[in-house]
Amino acid sequence: MRDILPPESALWNRVDQAARDVFGTFGFAEIRLPIFEQTELFARSVGQETDIVSKEMYSFVDNAVPQLGFLANIITEWPDPLKDDEQFEAYQRYVKDFVSGLERAMAADELSKSPANKNALQNLKDRFETLSGTSLRVEQSKELAKNCVSAIYLAIRVAELGDYLTLRPEATASVVRAYIEHGMQVQPGNVKLYYMGPMFRRERPQKGRYRQFYQIGAEVLGPSDAPGIDAEIIEMLLAFFDRVKLKGAALSINSIGCKQCRPAYIEKLRAELEKVREQLGADSQRRIETNPLRVLDSKLEHEQAIIEKLPRIAENLCAECRAHYEEVKRQLGLRGIAYQENWRLVRGLDYYMRTTFEITATGLGSQNAVCGGGRYDGLVELLGGQATTKGIGFAIGTDRLVLSLQEQGAGETPGGLDVYLAWFGAAAQTAAIGLARRLRDAGFVVELPAAEMKFGKSLGLADRLKARHAVILGDNELAAGVVAVKRLSDGSQQKLAEAELFSYLRAERNP
RNA sequence: GUGAGCGUAGCUCAGCUGGUAGAGCAUCGGUCUGUGGCACCGAGGGUCGCGGGUUCAAACCCCGUCGCUCACCCCA
């Protein structure tokens, strides 16, 4: 958990504003999305077997009956129910409370009497009975108790205690959901949307990575999958990085094929990996089964030579994918965009296909990817929309971008205080309040002391607040109908009428 | 999920073999009631992350726990 404080927050705002400005010129408009969604949405879109869904989501039950949800959490999150008799008994009490709570809630119609709930209740009752008859002291009932506990977990998951919700781990799924829900396919051409805000993943924080992190992203959804769209969204991305003055941004691209050609490639890859299995590390060996593409991502030194000899997807694309990829590259060329082809660039999310890309920045160590994206033509259909709707998008990791900018020395922003309005005496305060309002109306940043201070104190505060000017308003100035304005950098001071003060300050602002 | 390191004032840190909690910076006030940065003097600010244990006595030793940082895994 982390706070973003001034003056650092100013840099964050600059980054957000740059995105709004640049994306706006490409015809993108902002979509504001909810922070949490139905768990189901992410499970389906991101992919059940990905790390995000299998272990990194913050999910919770939005209970119909809060007490039941509380108990369900205790029971299913119980660290080790079979550790000792004391824990075992406590665990049984919780299960008992849960069963009776479930019965009561169903009787009172607080919980639906759906078949799932009835089954769960019956199952829980049976299991609880068996569990009550076991003891941890006897080895064979230990095994029995273990099975009962698994069954209890399952029954609780089956019970419909309320909505399953998840703090969003990414936003593409939400954008697609909104696109379908609001019938945006009737809009002319492709729909171009951008978003920014916090995302959540459950993991151990480290440099540039947080459990609540921020992304700025954009998506193009609609009937066309023209390679020019891929190239333009990349062009926009680079324009953005240019605007925030990120140095050393490097673009990598790849194509990972489609439903037609990728499965065949994966089998080919798997077969080749089997031949060299013994030479690979434990992680890569495991991935031969789970996700062979990820082996290509390995950064282990001794695997590099092996990986270099593996079959490459670019040489195994179907005709359509090959043509699409070639045209993306040509379109990038038309825009004068330099890129690096990286045949090992694969994505961690299931929904990507064809074009994938990544931007890396300097100063981030091994976490050097600052933006990732790609095409996901099947996702809209997967989530229940029109099969003909195509999609492509990217997400910028704002935390890393800001970190990288700071390391490049963009952190310091000059203090914005134009005027410290030092007033002395009750009559001067009245005048100062009016003057402060007119200065602020004109766009100047003004600090107006809330209570009278001694002269030296007041100017001292103006100095420490890093004000550019002190405007002095006391009895003398009031009588003469002027103010004294002092430039704090060199101490020069002059008396001006109000109209002159405004033009003076304007000139000071734009030298 | 795994491994390592660190938690003492707002910040950076000191605090020896256990014996009443310290410094610098910052803040506030004074010297200084019409002119800032300096100097000097003074003040406020701490459940030593939290809980338990050992001890006559714990910031210090032991156990647990929470938090932060870094790395692994993975990704943005």
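Quick note: numbers below take in every heavy atom, side chains included, and nothing from hydrogens, waters or symmetry partners. Within every chain, numbering begins at 1; the chains are lettered A, B, ... in the order of the sequence lines, protein sequences first and strands thereafter. Nothing here was measured: the structure is a model prediction, and the numbers come from that model.
Rounded to whole angstrom, the span from the CZ atom of A:Phe455 across to the P atom of B:G30 amounts to 16 Å. Across the protein-nucleic acid pair, A:Lys454 atom NZ and B:C28 atom P stand 14 Å apart, rounded to whole Å. In this structure, the OH atom of A:Tyr420 is 12 Å from the C1' atom of B:U35, given to the nearest Å. For the pair A:Phe424 CZ and B:G34 P, the computed distance is 10 Å after rounding to whole Å. Per the geometry, CG belonging to A:Leu465 stands 14 Å off C1' belonging to B:A26, to the nearest Å. In this structure, the CE atom of A:Met57 is 16 Å from the P atom of B:A76, given to the nearest Å. We find that CG of A:Asp3 is positioned 11 Å from P of B:C68, with the value rounded to whole Å. Atom-to-atom, CH2 of A:Trp12 to C1' of B:A76 comes out at 11 Å; the value is rounded to the nearest Å.
Minimum interatomic distance between A:Trp423 and A:Ala432 (heavy atoms only, all atoms of both residues): CB-CB, 3.8 Å.
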Identify every side-chain donor-acceptor pair in residues 232-246 of chain A under 3.5 Å, counting partners at least two apart or on other chains, and give the distances.
| unit_1 | atom_1 | unit_2 | atom_2 | d |
| --- | --- | --- | --- | --- |
| A:Glu235 | OE1 | A:Arg335 | NE | 2.9 |

Please tabulate, for side-chain N and O atoms in residues 25-33 of chain A, each donor-acceptor pair with protein atoms closer than 3.5 Å (sequence neighbours left out).
| unit_1 | atom_1 | unit_2 | atom_2 | d |
| --- | --- | --- | --- | --- |
| A:Thr25 | OG1 | A:Val22 | O | 2.6 |
| A:Glu30 | OE1 | A:Arg20 | NH1 | 2.7 |

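For the P atoms, the distance linking B:G37 with B:G30 amounts to 14 Å, nearest Å. Here the separation of B:U8 from B:G46, taken at their P atoms, is 15 Å to the nearest Å. Rounded to whole Å, the separation between the C1' atoms of B:C73 and B:G1 comes to 8 Å.
Looking only at distances, a side-chain donor or acceptor of A:Arg201 sits under 3.5 Å from a matching main-chain atom of A:Pro169.
The shortest side-chain heavy-atom distance between A:Tyr504 and A:Gln494 falls under the 4.5 Å cut-off. Using a 4.5 Å heavy-atom cutoff, the side chains of A:Phe36 and A:Thr166 are not in contact.
At a threshold of 4.0 Å, the pair A:Asp225-A:Arg375 does not count as salt-bridged, since none of the basic side-chain nitrogens sits closer than that to a carboxylate oxygen. A salt bridge is absent between A:Glu508 and A:Arg468; no separation between the charged side-chain nitrogens and carboxylate oxygens falls under 4.0 Å. Remark: A:Glu500 does not engage A:Lys495 in a salt bridge, criterion side-chain N to carboxylate O under 4.0 Å.
The A:Leu459 side chain lies nearest to B:U35 when the options are B:U35, B:G34, B:G30.
Residues from residues 212-219 of chain A with heavy atoms under 4.0 angstrom of RNA chain B, sorted by number: A:Phe213, A:Gln215. Near RNA chain B, defined here as any heavy-atom distance below 4.0 Å, the residues from residues 476-487 of chain A are A:Asn476, A:Glu477, A:Lys486, listed numerically.
A:Asp475 pairs by the side chain to side chain contact (heavy atoms under 4.5 Å, CB included) definition with nothing, not counting sequence neighbours.
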Using atom names, set out every protein N or O paired with an N or O of nucleotides 37-39 of chain B below 3.5 Å, distance rounded to 0.1 Å.
| unit_1 | atom_1 | unit_2 | atom_2 | d |
| --- | --- | --- | --- | --- |
| B:G37 | O4' | A:Asp463 | OD2 | 2.9 |

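Side-chain N/O atoms of A:Arg464 include one lying less than 4.0 angstrom from OP1 or OP2 on B:U27.
For the pair A:Lys192 and A:Tyr194, the cation-pi criterion (under 6.0 Å, within 45° of the ring axis) is not fulfilled.
Between the side chains of A:Tyr376 and A:Ser45, not a single donor N or O lies within less than 3.5 Å of an accepting N or O.
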